[in-house]
Number of protein chains: 2
Amino acid sequence: MVTLAEVAQHAGVSASTVSYVLSGKRSISASTRKRVEHSIQQLGYHPNAGARALASSRSNIIALMVPLRTDMYVPVMMEIAIAVATTARTHGYDVLLLTGEEGPAAVRRIAGSSLADAMILMDVELHDERLPLLRESGRTAVLIGLPADTTGLTCVDLDFEATGALCVEHLAELGHREIAVIGEAPAVYERHTGFAERTVDGIRAKARRSGARILHRPCEGGYAAMGTTLSRIFDERPGTTGFIVQNEAAVEPLLNLLRQQGRAVPEDVSVVAICPEQVATGASVRLTSVAIPAQEMGRRSVEQVVAKLAGRDTEEVELLAPELTVRESTGPAPAAGPTDGRGRPTGSATYGGTGRHPMG
Amino acid sequence: MVTLAEVAQHAGVSASTVSYVLSGKRSISASTRKRVEHSIQQLGYHPNAGARALASSRSNIIALMVPLRTDMYVPVMMEIAIAVATTARTHGYDVLLLTGEEGPAAVRRIAGSSLADAMILMDVELHDERLPLLRESGRTAVLIGLPADTTGLTCVDLDFEATGALCVEHLAELGHREIAVIGEAPAVYERHTGFAERTVDGIRAKARRSGARILHRPCEGGYAAMGTTLSRIFDERPGTTGFIVQNEAAVEPLLNLLRQQGRAVPEDVSVVAICPEQVATGASVRLTSVAIPAQEMGRRSVEQVVAKLAGRDTEEVELLAPELTVRESTGPAPAAGPTDGRGRPTGSATYGGTGRHPMG
DNA sequence: AAGCGCTGTCGAAGCGCTTCACCGATTCTC
DNA sequence: GAGAATCGGTGAAGCGCTTCGACAGCGCTT
């Protein structure tokens, strides 16, 4: 491995000069800079990360803690992780991938060893165990998500309350009055992962103002759970015409089951999803949805980290404004006409006949 | 931050003794060990990563290069990444997340800076640009995937040839003679990502021996592409009764479109998927599938890395044996009876009537 | 009793870099 | 034209750790 000293010798300057050329922390004459840069090129020099970290107490590494639960909202997590990694690189940082496995201990370890200059935490719970440790460690940190107490912490998240409100608003404008909310798996609520609850809060608040009735049901993904949930919903509220889904794994099952029951989307029921764009556009009906801006969240969290490390101060909480894209899963609420007694419109809507699909 | 020296002083020993307690590289009397460990606890000492890396030329970091294309086989990638991270931790390593963005330059950078002790590369192409750099860097590396030339490299991968063969074998045993293969997106083949081609090789070889006819069609995911592909397939080979799908994004569209066309799965057509378990069990028909053992691949690759770093030598290429799980998407080929002239069996199979779904 | 090999501990060197203090040579300022 | 400020460069002191060689003390053997 080539060292700084060798570069210095090759260029006929002192080691410190080379260092200053590299860091730009002092002005260097054009001629020596050229010579040094040339030597660097020629020798194929790369600064040693460990030495640099030791001397400067900066590792240029950002630690990213992803949740352990590899089965939940995976694509979102992945997208965020990739966005974090690529954004970090543009600022000269590398990303260390920590899984939730180690739990709060990871915070202590990373902070204690100075392995990373900062941490980004995903999947933050309302009363997250990691937060006290984080605060006392004094390491700079940014959360993706919104805990109950944000003092001293910077947070980036989608504004889920506004998201919920936006969904209701859209459905209400289309005349829907009975709205069912298919939520995340019960476990998500039990863990008090803020976003799910905030969404429902936003939904309820807006519904009150719009005069819509809300029925909220957490739901595991998959067909079995969705089937049960769906029939309970229609038993309890036969007049349901609007759905808001916040659970990727429930989207396709919901659509297929509605179809199977002879309910056409969007003629009989409208569906709004809160999910990544890819899920919305790839579903069997192109879904009207509020996108989860995973990339943006990853990018912004890194930018916050970089700003904090640079000593600039930053907003405490940055909520990204939701955007609703209208696609083919929502339409006017059906006129309350004759039903077959189970709350389903008579006749007409049979599978394959409505041709909502791009394939026709 | 507490330093080694402080711990030494607190315990009344020299710094080197503390170091040896930590590393276990020299024998230490039980009594001093106790004292030192106690001091470490009490002071809350964590070794400084940079200093350690500098002094020992070991960073205890493994770099993981994930592909840039965040839209392809995402869940698999994520699962591998998580498995790599957690397995690495059990061996005392952390994981650095590199995206494909930087390309081959990342290899040079990481190797040059000694940031990582080893690298794990995912999404390896047949003639991957990174490999020459990797070889000349002399850094230990493990590939997840199988390039054309494996000399000097350790590779871990699912045995995709055997996987392909296994799928054909299963279908052939059920009496299917006309088999269509829905492959990955054309781009995957153009990039010569070995696994896709190896699968097809395995399929063809086995088909020759089983007397089955193969029609292979790469296919983008989604309904539009799948629709086109599907109608071309039935135009060309109306007698097709078996499908092998190797494209997560095509699975659900395929099932929905078949259903829409009145072809019941598995009564009229059988479908075997090559995909993660989760996709197979979460689809609208529980799919007979060969699982992509993402976790296992991640785990094994780390274990190979650790073995190499420890100086043990390892196999060059480790191919994991595929396992086929029979679920509800395959059944006996339909008896070649009267058809409606488009290769589709007359009557009977209409949507909703077959009740293949758990929800009934 | 001298010599041997162990074991447990220590001191010191140094890993490769950053950064501070210092210094000569210019250039500015009044 | 004297003093101050600036520029471009150097030397040396660490950053906190690992590791090598030295060595004291011990129990063996001969």
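These numbers come from a predicted model, not from an experiment. Below, chain A is the first sequence line, B the second, and so on; all start at residue 1.
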Within the 3.5 Å criterion, strictly below it, is a donor on B:His10 or B:Glu6 matched to an acceptor on the partner's side chain? no
Nearest whole Å is fine: how far is D:dC20 C1' from B:Tyr20 OH? 7 Å
A:Leu4 atom CG is separated from C:dC17 atom P, nearest whole Å, by 4 Å
Measure from CG on A:Leu22 to P on C:dT18 and round the result to the nearest Å. 7 Å
Using a 4.0 Å cut-off on heavy atoms, which residues in residues 23-46 of chain B reach DNA chain D? List them by number, or say none. B:Lys25, B:Arg26, B:Tyr45
Using distance alone, with no hydrogens and no angle criterion, decide if B:Thr87 and B:Thr90 have a side-chain donor and acceptor under 3.5 Å apart. no
Candidate nucleotides C:dC10, D:dG16, C:dC17, ranked by approach to the side chain of B:Ser14 - the nearest: C:dC10
To the nearest angstrom, the CG-P distance between B:Leu54 and C:dA13 comes to 17 Å
Separation of D:dC17 atom C1' from B:Asn60 atom CG, nearest Å, is 13 Å
Any salt bridge between A:Asp149 and A:Arg135, counting N to O under 4.0 Å? yes
In terms of side-chain geometry, is the basic nitrogen of A:Arg89 or A:Asp94 positioned less than 4.0 Å from the acidic oxygen of its partner? yes
With A:Val317, the side-chain contact (heavy atoms from CB on, under 4.5 Å) member among A:Leu146, A:Asp159, A:Val156: A:Leu146
N/O (side chain, B:Thr17) to phosphate O (OP1/OP2, C:dT9) under 4.0 Å: no
Starting at the 5' end of DNA chain D, which residue's closest nucleotide do you reach first, A:Ser16 or A:Ala51? A:Ser16
Look at A:Glu303 together with A:Arg299 and state whether they make a salt bridge at an N to O cut-off of under 4.0 Å. yes
Looking only at D:dT18, C:dC10, D:dC15, the nucleotide nearest the B:Arg52 side chain is D:dT18
Side-chain donor-acceptor contact under 3.5 Å, B:Ser16 with B:Ser19: no
Five pairs per end, C1' atoms only: what is the angle between the end axes of the helix from C:dA1-D:dT30 to C:dC30-D:dG1, to 10 degrees? 40°
Rounding to an integer number of Å, can you tell me how far A:Asn48 CG sits from D:dC15 P? 18 Å
Applying a 4.0 Å non-hydrogen cut-off, can you work out what A:Ser56 is touching in the nucleic acid: base, sugar-phosphate, or nothing? sugar-phosphate
With a 4.0 Å cut-off, would you call B:Glu37 and B:Lys34 a salt bridge? no
Answer yes if the side chains of A:Thr193 and A:Arg191 hold a donor-acceptor pair under 3.5 Å, and no otherwise. yes
Rounded interatomic separation in angstrom, taking CD from B:Gln9 and P from C:dC10: 13 Å
